Amino acid sequence: MLAGHRTWIFEQKPVIISTGTVGGPFEANGAIPDDFDTLHADLWLGQDSYEKAHKILFEEACQKAMEKGGIQKDQVQFILAGDLINQITPTSFASRTIGAPYFGLFGACSTSMEGLALGAYIVNTKGAKYLLTGASSHDTAVEKQFRYPTEYGGQKPPTAQWTVTGAGAALLSDSGEGPHVTSATIGRVIDMGLTDPFNMGGAMAPAAVDTIEAHLKERNVEPSYYDLIVTGDLGQIGQEVSMDLFKKHGTPISEEQYQDCGLMIYREGQPVLAGASGAGCSATVVYGHLLNRMKNGEFKRMLVVATGALLSPLSFQQNETIPCIAHAVSIEYGGEQLT
Amino acid sequence: MSNNQKKQLTPVQQEYQKLQKQREIKRPVVKNCIKAFLTGGLICLIGQLISDFYIYYFDFTEQTAGNPTVGTLIFITMLLTGFGVYDRMAQFGWNSCTCNRFWQCGYIACH
């Protein structure tokens, strides 16, 4: 059901019956290694290119989700997923292996929630019984495409963020046991005229603020309804700037409930500068760490706002500004739910 | 950003950029310069040692020791890049490392 202008309320409350998360060596060394299903010690994953390794990451995440959910790959009706590489080949190639009907999505780092929102909509309207959605990124493959090859050794400014090597996939169904997807707000493309590809957080913050405020208004809830409002990969700068914007707009969001996946995945002392980023960032942290905490009863309701910078290597070389987007999905488990 | 480009921004964009600028962590330019000075100096010191090594232990003069010295430095850089150490060193003292690389490339091109 449409509420307001761009919010969907899911009456059937699609269930995330299982998830699969895969990470690389840098994530294994991070703050939440126990929340990954599989961790790889080798950045290459035994492949001869980073892009092939990237494909394996997503394949494994999907396989893990299906295995944990106890279903076979021919039972999966749709895959809705994407990544950051040109023409999203890693995800498409991984979907070739799984063999299910496939929608390739590109929402940059917001792909995880774009997929979950669309997936929940399809399941809610009985368009599918089982559906896989997810996102992935590979640090060196993405850095090579968007910035410099890592081996070139270009120095990064303190506003830069570290792309996560990882994949997260969720298996959605109309019934079963697990956290419910209750609503989603689709983001608008917002461009504040920033051009620095080494400061994504600052560029994406207004998009996150716009979507969160629209969600609260259209779902007609106070920020305190959510135990946690978690953004995808704003990093340190983006988080501070968006908090400034909330204060300016008078939106009562507290600093305790407003967190960022990009600041959760790595621990203090890792050279990640302003935090983590990448399509795999929100996917692995939400489908691993946060859903585990939710199942342990640490909190009941969260709003996940995955943020994406919609630039291409070509657009920033041509000095175009960076348009940004954020999609919000609410996930609830236990406790009273709005109807 | 040039003033010309700034003029095309809407007032909302300009206001946001001002707000954003306050939160942006600045590049530590002075610190970077000192680090680059030290890293660059260290690389030159190593180069000098290699050069002296060729002069004292082999039949090279000050004029001819340049070629094997540069060759050795390039070989070391190649190894460091291959083993993935170079990008970490570069994050520490970028200017000097990259300048040295350019210098090496230039040297090869000249000869």
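Keep in mind it's a predicted model, so treat the numbers as computed, not measured. What you see below is based on every heavy atom in this structure, not just the backbone, and it leaves out hydrogens, waters and symmetry mates. Reminder, nothing fancy here: chain letters follow the sequence lines and each chain counts from 1.
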Shortest non-hydrogen contact between B:Q17 and A:M192, atoms and distance: NE2-O, 2.8 Å
More than 12 heavy atoms of other groups within 6.0 Å of B:D59 CG: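 Atom CG in B:D59 is not packed in, count stays at 12 or less.
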A:Q317, CD: over 12 other non-hydrogen atoms inside 6.0 angstrom: yes
Members of residues 22-29 of chain B whose heavy atoms come closer than 4.5 Å to chain A: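 Those residues of residues 22-29 of chain B which have a heavy atom under 4.5 Å from chain A are B:R23, B:E24, B:I25, B:K26, B:R27, B:P28.
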Among A:G202, A:G201, A:A203, A:A205, residue most engaged with chain B (heavy-atom pairs, under 4.5 Å): A:G202
Residues B:Q20 and A:D244: side-chain donor-acceptor under 3.5 angstrom: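 No pair is found: no donor N or O on one side chain lies under 3.5 Å from an acceptor on the other.
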Nearest-0.5 Å distance, CD1 of residue A:I237 to NZ of residue B:K21: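 If we round to the nearest 0.5 Å, A:I237:CD1 and B:K21:NZ are 10.5 Å apart.
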